[in-house]
Amino acid sequence: MDTELVRNQIQMAYGDRFEAALLDEMAATALLVQFSPGDVLIDIHQYIRRMPLLLSGAIKIMREDPDEGELLLYFLERGDTCAMTLACCMGEAQSEVRAIAETSGALAMIPVSKMENWLGRYKSWRHFVFESYNKRLTEMLAAVDSLAFLKMDQRLLAYLREKAKVNGSQVLTITHQDIAYELNTSRVVVSRLLKAMENDNQIRLHRNSIEILFALN
DNA sequence: TCATTAACACGGG
DNA sequence: CCCGTGTTAATGA
């Protein structure tokens with residue numbers, strides 16, 4: 001009956017992409033993992049033995065440097081998987097990124113041996129793996145562009161928009177310091193830019209939270 | 001010019 | 001009181 005539950009969740013997130021036989025196999029071998037905001041799902045240098053498929057909720061992928069601090073790369077949402085885990089699973093390599101739960105949600109953990117088996121047997125799985133690499137590469141480029149070409153005010157705006165989207169809320173519970181960490185800048189800058197955005201009526205500031213007034217899309 | 005670091009006052013929980 | 005916030009002054013890239 002637990003399998004039944006997993007099957008349903010996998011169907012919800014991946015039903016339009018995989019054939020029924022593959023969905024069944026997934027449900028049979030998957031380990032369901034529930035997570036809460038802030039949980040560290042994968043840490044840097046960790047070996048990955050099971051591949052996670054995101055069923056619900058959102059996960060943020062962070063890059064970290066011991067000297068330079070951390071930096072948000074991108075968010076994962078339902079139906080996504082992380083290209084890093086694909087590479088790590090197949091290559092027995094260590095993770096170069098950290099995955100932290102942004103919201104609560106659930107993961108289906110697939111044994112590595114199964115994924116290799118499916119690569120040969122299911123076309124839809126091969127497509128999924130390639131598509132995932134593609135999507136993550138695109139998002140990576142967006143992160144690089146943001147770093148290289150956008151000023152901090154633009155990066156902050158893009159960050160708030162993404163954050164509101166994955167959380168499905170106009171009100172973000174976060175401090176200026178937390179934002180500064182994720183964008184790898186100082187709180188002074190974040191506070192100043194946020195204040196300017198509030199004066200432009202784009203947002204409203206409260207203690208521990210930010211209300212988004214501009215339209216999301 | 002714009003970011004960072006340090007320092008300080010304010011105030012809400 | 002503690003912590004998040006808003007600001008300034010000094011310094012650096």
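Residue numbers start from 1 in every chain, and the chains themselves are labelled A, B, ... in the order their sequence lines are given, proteins ahead of strands.
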Under 3.5 Å side-chain donor-acceptor pair for [X] and [Y]:
{"X": "A:Tyr181", "Y": "A:Glu70", "answer": "no"}
{"X": "A:Glu162", "Y": "A:Tyr74", "answer": "no"}
{"X": "A:Asn167", "Y": "A:Glu102", "answer": "yes"}

Please state how far atom [atom1] in [X] lies from atom [atom2] in [N], giving the value in whole angstrom units.
{"X": "A:Lys195", "N": "C:dT7", "atom1": "NZ", "atom2": "P", "result": "6 Å"}
{"X": "A:Leu194", "N": "C:dG4", "atom1": "CG", "atom2": "P", "result": "15 Å"}
{"X": "A:His206", "N": "C:dG6", "atom1": "NE2", "atom2": "C1'", "result": "16 Å"}
{"X": "A:Asn199", "N": "C:dG6", "atom1": "CG", "atom2": "P", "result": "10 Å"}
{"X": "A:Asp153", "N": "B:dT1", "atom1": "CG", "atom2": "P", "result": "16 Å"}
{"X": "A:Lys151", "N": "B:dT4", "atom1": "NZ", "atom2": "P", "result": "13 Å"}
{"X": "A:His176", "N": "B:dA3", "atom1": "NE2", "atom2": "P", "result": "17 Å"}
{"X": "A:Leu193", "N": "C:dT7", "atom1": "CG", "atom2": "P", "result": "12 Å"}

- Task: Using both pair distances under 3.5 Å as the test, note the stems of at least 3 consecutive Watson-Crick or G-U pairs that include DNA chain B.
- Result: B:1-13 with C:1-13

Salt-bridge present ([X], [Y]; N to O < 4.0 Å):
{"X": "A:Lys195", "Y": "A:Glu198", "value": "yes"}
{"X": "A:Glu19", "Y": "A:Lys123", "value": "no"}
{"X": "A:Arg136", "Y": "A:Glu131", "value": "no"}

- Message: It should be established whether A:Arg192 places a side-chain nitrogen or oxygen under 4.0 Å from OP1 or OP2 of nucleotide B:dA3.
- Response: yes

- Message: Could you check whether A:Phe128 and A:Phe18 have their ring centres less than 6.0 Å apart?
- Response: yes

- Here the gap from A:Arg98 atom CZ to A:Ile42 atom CD1, rounded to the nearest 0.5 Å, amounts to 12.0 Å

- Polar side-chain atom of A:Arg126 near backbone of A:Leu119 as donor-acceptor pair, under 3.5 Å: yes

Each nucleotide N or O in nucleotides 5-13 of chain B that has a protein N or O under 3.5 Å away: list the pair and distance.
unit_1: B:dG11; atom_1: N2; unit_2: A:Arg207; atom_2: NH1; d: 3.1

- Query: For the side chain of A:Thr185, counting heavy atoms from C-beta on, which of B:dA3, C:dG6, B:dT4 is nearest?
  - Reply: B:dT4

